[in-house]
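Here is the structure we will look at, set down as structure tokens.
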Amino acid sequence: MYQIAAFPYRVDWPIDGSKSLVTTGEQFEGMLRHLQANQVRIFDHETTGLQWFKDDYSCGLGLGVFDSTSPSGVRSWYVPYRHQTGEGQLDIETIRDPMRRLFAEPDAVWIAHNFKFDEHMNRREGWHIGGRRYCTQMAARLYDENKPVALKKRAYLDLGHYWASEWEKRLDEEVNRLAKARKMKKTDYMATYGYCEVAIDLCGFYCCYDVDFTGQLFSLYERWGLSSHFPRVWNNEMQLIHTLCDMEEYGCLIDVDYVQYLKAETGKVIDRLSGMIEPMFRGSTFNPGSDADLRSFLYEHLMIPATTRTKKNQPSVEADVLAAFAHLHPAIPLIMEWREADKIRTTWTDSILKKLDHNGVLHGSLQNEGTTSGRLSSSSPNLQNFANENDDRAVRLTGRHIEDGGHDPWSIRRAFIARKRPDGVVIPRVILDYEQIELKALAYYTKDPIMTDAFLKGEDIHQRTQVEVGAILGGGPAPRRLAKITAFGLSYCMSAKGLSRQAKIPEDEAERFMEAFFGRYSSISNYREAFWAKVRFEGCQFANMFGRPRRVPGLTSDDNKIRKSSERQSFGALIQGTAAQLTKESLVRIHKWLRETGYPAVLVSTVHDEIWIDCDPSCLTVVVPKVKQLMEDYPEFAPIPITASADYIDTNWAEKKKLPL
DNA sequence: GCGACAAGCTTG
DNA sequence: GTACGAGCTTGTCGCT
């Protein structure tokens, strides 16, 4: 069935007959017959790289079905069509139509590990999924969220294949050889060629094993009953793959000139500061970006006694510490400024410029299996930690607060701009934001009477806290800042020490505030204790109100540190995971509604409790109220009302405006 | 030259 | 003596 490639690579491992390469029309027809006879199918692309939105494409497709006559229970094939090795392979055009029909079948179930990536690659070939999706990476996350979800890791951990990464090692060696032959660094080589120069023999059997593992993982998880144990979460996650795929494909338009300007500006500042810092360290090399250099300067040269230490018990050199010592040496404030500018240039401007497509559109990535708690994670770039407008910097560099018409001249959010229609009309981006969603989840679980009352009356929750806590402490309403920080810290069980550190107030003051807080909101502390006791009793596992599971084995550890950390983790997962589920379900609802109605509006992205939609001005008054209604329709939270507010941008992300409706 | 790790930064 | 998630970047260190 398979032919050994003569050059440049020859597979010398015994391959059982269940895995084969498809390089002739006859073999392809044979494979098609198997696929058509089985509605449950596995697929996996091998590609030239990860940038599906730019220059990377699929160079071959792995396929599989379940077959009891094969030793592993899976029969798999590899169809190469864009390898650049000079070996015989199929022409993509001859298989495009049959594959398109196969993927479009409405009754099929398609299985893939990290389905979203393969769906992006599919779309480049015009292959759309007509049936149901099954992502084994998501299944792996739900089967045991404390293990890594990478395919080969799970083939080892869940299936017991201790040799699972052997093929990957061989592929890796071959890539090293090819990179060397082209005199390129491995990372550069991979970004340019991926696996397209790897011999079909090696790449093909590697891919067949991936398909094989994926099929075996599916069998294991479904024998266990995974998709039926968590039906609501599972169905939503699988539909979310389609939603996220569309969102990532649409992307965010970037003001490239502005990013380049910002890069140049911060670069100038860095050069100027370097020129000032360098002479202060005559005779020795000093890199302001090096923690080691800074550590020896502060603690060995200046002999400052260490106040804060890192995890590994090293004296800390973080920004707070530098600020505290700023008066001790003229270099310290300069180093602080250097680090601020360096952070912006390297982390924000450079990373955006590297990841644009040919039209100045940024296609980030959202992972629905990224976290143990059920939140989405975001990468390339991470939209969830994009720096806010910095008011201190606005004052320092423009002389005015943002509120008073000043602006942060180093704002990176300014780079995210609204799109325009072909006729030049601006398409507003509506940003819908869940109001106090984590506190509402908390109020739902704890049934706290004060919080519930405040939410029912539509009160400002922090103002209510100011009054309630103030009543105990005396002397009028308590500071709003403390009320906000404490509320924020509730989902991860912040202590008085944490409050004092974050609010920069003395510890005894923080302790008094916290004591008064939990005096009024006693149902929260009571609920937490009862929750942990119940979870311990039930084997250190629980599910949130939507059925999403979380295992926290450390909850019964003898080690105080581990146990406390597990307590915080479990409570955080309960609250944050519940809030996250709302956003994820709403995304699917909105996506479905927009597709059904065909309004000119597009889901763009999401950041925790925010959903972004580019909405043509002609349908704003229809789409926004409907989307708001879809986001708020969660009767299971009764009596607590779920509400969303709407802002919009018609210029850039830094200039968010209230949407009058 | 590469991978792994530590530390630091920014967010909700 | 402390904090929850997450992602990304630089510098450092050991290995080849």
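In this text the structure is predicted, and so the values were computed from the model without any measurement. To find a chain, count down the sequence lines: A is the first, B the second, and so on, and within it residues start at 1. These numbers come from the heavy atoms of this one structure, side chains and all, not from hydrogens, waters or symmetry mates.
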Please give, in whole Å, the distance from [N] [atom2] to [X] [atom1]?
X        : N      : atom1 : atom2 : answer
A:Glu507 : C:dA3  : CD    : P     : 13 Å
A:Lys354 : C:dC8  : NZ    : C1'   : 10 Å
A:Asp559 : C:dG1  : CG    : P     : 17 Å
A:Gln502 : C:dC4  : CD    : P     : 12 Å
A:Lys497 : C:dG1  : NZ    : C1'   : 7 Å
A:Arg345 : C:dT10 : CZ    : C1'   : 12 Å
A:Leu362 : C:dG7  : CG    : P     : 17 Å
A:Leu439 : C:dC4  : CG    : P     : 19 Å

- Task: State which residue, out of A:Lys116, A:Arg141, A:Arg548, fulfils the salt bridge (charged side-chain N to carboxylate O under 4.0 Å, His left out) condition with A:Glu237.
- Result: A:Arg548

- Query: A:Tyr527 vs A:Phe531 aromatic rings, parallel, tilted or perpendicular, using cut-offs 30° and 60°?
  - Reply: parallel

- Using the ring of each side chain (for Trp, its six-membered ring), is A:Trp348 parallel, tilted or perpendicular to A:Phe386, with breaks at 30° and 60°? tilted

- Message: Using the side-chain heavy atoms of A:Lys561, tell me which of these nucleotides is nearest: C:dG1, C:dG7, C:dT12.
- Response: C:dG1

Crowding at [atom1], [X] (>12 non-hydrogen neighbours, <6.0 Å):
X        : atom1 : value
A:Glu278 : CD    : no
A:Met276 : CE    : no
A:Leu322 : CG    : yes
A:Lys147 : NZ    : yes

- Task: Write down the distance separating the C1' atoms in B:dC9 and C:dG1, rounded off to the nearest Å.
- Result: 23 Å

- Message: Can you see if the side chain of A:Ser380 gets near the phosphate of C:dG7 - specifically, an N or O under 4.0 Å from OP1 or OP2?
- Response: no

- Message: Do A:Ser500 and A:Phe513 have side chains that approach each other closer than 4.5 Å (heavy atoms only, starting at C-beta)?
- Response: no

- Item | A:Arg393 side chain vs A:Pro409 backbone, donor-acceptor pair below 3.5 Å | no

- Taking A:Thr347 for its side chain and A:Ile344 for its backbone only, find out whether a donor-acceptor pair lies under 3.5 Å. no

Have a look at [X] and say if it touches a base, only the backbone sugar-phosphate, or nothing, with a 4.0 Å heavy-atom cut-off.
X        : result
A:Gly289 : sugar-phosphate
A:Thr371 : sugar-phosphate
A:Ser495 : base
A:Asn287 : sugar-phosphate

Which pairs, protein N/O on one side and nucleotides 1-3 of chain B N/O on the other, fall under 3.5 Å?
unit_1, atom_1, unit_2, atom_2, d
B:dC2, OP1, A:Lys186, N, 2.5

- Note on the structure: When rounded to the nearest 0.5 Å, the distance separating CZ of A:Phe325 from OH of A:Tyr299 is 5.0 Å

- Item | Pair A:Asn652, A:Arg429: side-chain N/O donor-acceptor within cut-off below 3.5 Å | no

- For DNA chain C, which ranges pair as stems of 3 or more consecutive Watson-Crick or G-U pairs, with both donor-acceptor distances under 3.5 Å? B:1-10 with C:6-15

- Could you write nucleotides 6-12 of chain B as a row of B, S and -, 5' to 3', where a protein heavy atom under 4.0 Å of any base atom gives B, of only sugar-phosphate atoms gives S, and otherwise -? SSBBBSB

